[in-house]
Structures are given as structure tokens and as C-alpha cells.
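Right, one structure below, let's go through it.
Since this is a predicted model, take the numbers as computed values, not measurements.
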Amino acid sequence: MDDIDPQLLRVLRAVADGGSITRAATALGSSQPAVSQLLTRAEQRLGHALVLRGGRGATLTHAGQVLADHALHVQAALTAAREDLDAVGGLTRGRVRLAGFPSASSTLVPAVLARLASTAPSVATSYVEVEPPEALDLVRSGEVDVALTFTHVGDDTGVDAALLSRPLGRDPLALVTPRTGAASGAGPASGAGPASGAGPASGAGPASGAGPASGAGPAAAPTSAAAGPVDLATLRHARWIGGCPRCRGHLLASCAASGFTPDIVLETDNAAAVVGLVAAGLGVALLPRLALVTTVLPPQVEVAPADDDLARRVEVVVARGAERVPSVRATLEAVRAAAHLLDGPLPG
């Protein structure tokens, strides 16, 4: 197997990701002729066609894909060997590139980076905030070493043999609604719009019980976070605020299971913005606990638990084999140490 070198695997992986030899060369910091020649020599040496070249780009043959699938594992093994050699007596150097979703940025990520700074101060760290699908793509391309992601029950994420995923815990979801007596806007059944005068400035406090929303029909707000899980069907007439594409898909699926299609009128993946919109009486929303624990909750909103089956599963993902790299291994230990932050009651 001396005729299969790591550079060939990297080139094949880049062709698969970029869809052309030119884009692969750009990604690798090389020239198109140099990459093309490397592939031609490899095909002659191995006796297999590796790339199908066409007018609109290039694709891998089955033989090329077989080799490309090993690229991440080989790179991880080489990195592990380099770090092991550099740190025979301990973790004295290394680099970890971390990716995570927005609500992890203010909760899990600071704890992970702080622990790494304490236990492995010579490891250089970086962080980028992206949604889970993009984070997985970055791991596949080798641009990120460790990714914090989440999934919901029913998500069609498939199985990627190139990735290793480890569960960290569950992040429960909560319904965030306008407080009874505050500005309504939760839907037609509430009986009052944002300009009805039932808002916070009208003098009706959270405990007044006044206003049409206090005992109204299906869109009436839950009374407290301790009242037990809220049936989504009770908010079938509400106006909804959607989040990231994966969260929006989960909202649609959850509401469909409850027998209705939510009227999503606003969309933002900024938790503070969602809470502000709810406080203004412009809709209701499903938010995860991680997003709520670091968000200021104004008195105009109420938080109530959603069904436990709706909770999202938080996971840490690396390229298979990368867990042997000392710096990645230290990061995984720091992630596991931070997993306790997933526990605790809902705020509000």
C-alpha cells in the first residue's frame, strides 16, 4: 500500500467536496495542473480510474470514493501521531477547532473552553457558531475538529460512517407565551392585538387576571412553568415564531402530531429576539432550555414546559478516529465535564 499516499486521499476528498478539479486545487492551495497530474499518475500506479472528468466538473468513481472515505481517518491518525510525538510526556501542544449551535455558545462552549485553558493551556483553540448541519459539514471537510450539535426525535439525519457521535444529554423545550393580561397577539382566540391597550403600560400586572387573554380559548397562555407540560393543540390558533431550519421543521412536525399546522408569522434564531417578540404580544414560540437560561425574561412572558418527548438530544461529533488525537481527546473530556449544564429546571 506504499502507492497510496495521504496527499492523494486529501485530493480525492477535495474533489468529492468541490465537484471539480479546479475547486479542489483552490481548496488545497495548489494549481489545477498539479492536482490533475497527481490524479493521472495515481490512476496509472493503482490501475484504477479514480475521477470522471466532464465539461461541468468532476466526480469520483467507486474506487475514488472508497479512497476518499478514508481521508478523514488517515488525517486524524496522522495528526494523532504528530501530537503524540510532540507530547510524549503529556499534552504540550496541539490545536482544536470547535463548532457549536447558538444556544451552546453562551452555555456549553464557555465551560468547555475554560476547562481546556485550565487542563491543556498549550492547546490552541478556536470556535465558530453554526447550526448542526453546517457543523457536520465542517467536520467532514476537516475544517473543524469537534462539533456540538443537536437532533430531535424523528429527524432524518442518516448515518455517516465517517463521523463518531456521542450523546451528551437532553435539552427540554418550553413554550414561551405572552403573560395573561399582557399584550396579546398570541392568536385570534386571544381577543386583543398588540395595540389593544392590554399591554404592560395599561396597568394590568401579571397577577391581575384581567383582559380577554386571561380565560380565553385555545390561545390562552399557560399560567406557570410548574403547571405541567402544555398540549400544543391548545395553541392551534396562535401565531407562531419559528427558529432555525431544523427547529422550524421540528415545530411543524410536533404541531402536525397534535393535529394542526402552526401559523408561523415570524422567524429568527436569536433567542433574545424571540422572547422580545413574545413579550410584545406578537406570537408564541418553542425554545430550548439552553437558550432560555442565558436570556433575560421580561415580566410580560410566561414559560411552561412542553412535552418531554419534544426535547432535543445534544451530541458531540468528531471524525471517526479523531478521538485518538490528544488535543481532541482533551476536548471531548472537557465537553463531557460540561454536560451537567444540560440539567436543571426551566427558568421563569
Quick one: closest heavy-atom pair of [X] and [Y], and the distance?
{"X": "Ala174", "Y": "Val303", "answer": "CB-CG1, 3.7 Å"}
{"X": "Ala304", "Y": "Val230", "answer": "CB-CG2, 3.5 Å"}
{"X": "Leu108", "Y": "Ala338", "answer": "CD2-O, 3.5 Å"}
{"X": "Leu341", "Y": "Ala111", "answer": "CD1-CB, 3.8 Å"}
{"X": "Ala135", "Y": "Ala147", "answer": "CB-CB, 4.0 Å"}
{"X": "Cys255", "Y": "Pro262", "answer": "CB-CD, 3.5 Å"}

Indicate yes or no: at least one non-hydrogen side-chain atom of [X] is less than 4.5 angstrom from one of [Y].
{"X": "Thr107", "Y": "Leu342", "answer": "no"}
{"X": "Val296", "Y": "Val275", "answer": "no"}
{"X": "Arg236", "Y": "Ser258", "answer": "no"}
{"X": "Gln65", "Y": "Thr59", "answer": "no"}
{"X": "His250", "Y": "Leu173", "answer": "yes"}
{"X": "Val11", "Y": "Leu28", "answer": "yes"}
{"X": "Thr268", "Y": "Leu277", "answer": "yes"}
{"X": "Leu46", "Y": "Leu67", "answer": "yes"}

Notebook entry, point to check: Going by the ring pair (Phe, Tyr, Trp, His ring centres under 6.0 Å) test, which pairs reach into residues 101-135, not counting sequence neighbours?
Noted result: Phe101-Phe150
Next item on the list: With sequence neighbours excluded, give me every ring pair (Phe, Tyr, Trp, His ring centres under 6.0 Å) pair touching residues 21-64.
Entry: none
Do [X] and [Y] have side-chain N/O donor and acceptor atoms under 3.5 Å apart?
{"X": "Thr149", "Y": "Arg246", "value": "no"}
{"X": "Arg41", "Y": "Gln44", "value": "no"}
{"X": "Arg97", "Y": "Ser126", "value": "no"}

Next item on the list: For Arg312 and Leu290, run side chain to side chain contact (heavy atoms under 4.5 Å, CB included): C-alpha distance rounded to whole Å, both residues' side-chain angles, the deciding distance at 0.1 Å, then the answer.
Entry: CA-CA 11 Å; Arg312 61 185 186 176; Leu290 278 184; 4.0 Å; yes
Next item on the list: Apply salt bridge (charged side-chain N to carboxylate O under 4.0 Å, His left out) to Arg248 and Glu131, showing your working.
Entry: CA-CA 13 Å; Arg248 188 180 192 276; Glu131 295 295 345; over 6 Å; no
Output the distance between atom [atom1] ([X]) and atom [atom2] ([Y]), rounded to the nearest 0.5 Å.
{"X": "Leu98", "Y": "Leu116", "atom1": "CG", "atom2": "CG", "answer": "8.5 Å"}
{"X": "Ile21", "Y": "Gln32", "atom1": "CD1", "atom2": "CD", "answer": "6.0 Å"}
{"X": "Arg166", "Y": "Glu315", "atom1": "CZ", "atom2": "CD", "answer": "12.5 Å"}
{"X": "Leu113", "Y": "Ser118", "atom1": "CG", "atom2": "OG", "answer": "12.5 Å"}
{"X": "Leu332", "Y": "Glu323", "atom1": "CG", "atom2": "CD", "answer": "7.5 Å"}
{"X": "Leu175", "Y": "Leu287", "atom1": "CG", "atom2": "CG", "answer": "9.0 Å"}

Item checked: Presence of salt bridge, Arg170 and Asp308, under 4.0 angstrom -> yes
Please check this pair: side chain of [X] against backbone of [Y], looking for a donor-acceptor N/O pair closer than 3.5 Å.
{"X": "Thr294", "Y": "Ser106", "answer": "no"}
{"X": "Arg179", "Y": "Ala279", "answer": "no"}
{"X": "Asp171", "Y": "Pro288", "answer": "no"}
{"X": "Gln37", "Y": "Val35", "answer": "no"}
{"X": "Arg320", "Y": "Ala161", "answer": "yes"}
{"X": "Arg53", "Y": "Ala58", "answer": "no"}
{"X": "Glu143", "Y": "Leu138", "answer": "no"}
{"X": "Arg239", "Y": "Asp263", "answer": "no"}

Item checked: Linked, directly or transitively: Val265 and Val278 (ILVMFWY side chains, under 4.5 Å) -> yes
Item checked: Intermediate values then yes/no, side chain to side chain contact (heavy atoms under 4.5 Å, CB included), Asp307 and Leu232 -> CA-CA 9 Å; Asp307 192 289; Leu232 293 184; over 6 Å; no
Notebook entry, point to check: Which is it for Val317 and Leu164 under the side chain to side chain contact (heavy atoms under 4.5 Å, CB included) test, yes or no, and what are the steps along the way?
Noted result: CA-CA 6 Å; Val317 181; Leu164 175 66; over 6 Å; no
Notebook entry, point to check: Which of these, Thr331, Val328, Val139, Leu163, sits in a side chain to side chain contact (heavy atoms under 4.5 Å, CB included) with Val318?
Noted result: Val328
Next item on the list: Could you tell me which residues satisfy side-chain contact (heavy atoms from CB on, under 4.5 Å) with Pro245, sequence neighbours excluded, listed by chain and number?
Entry: none
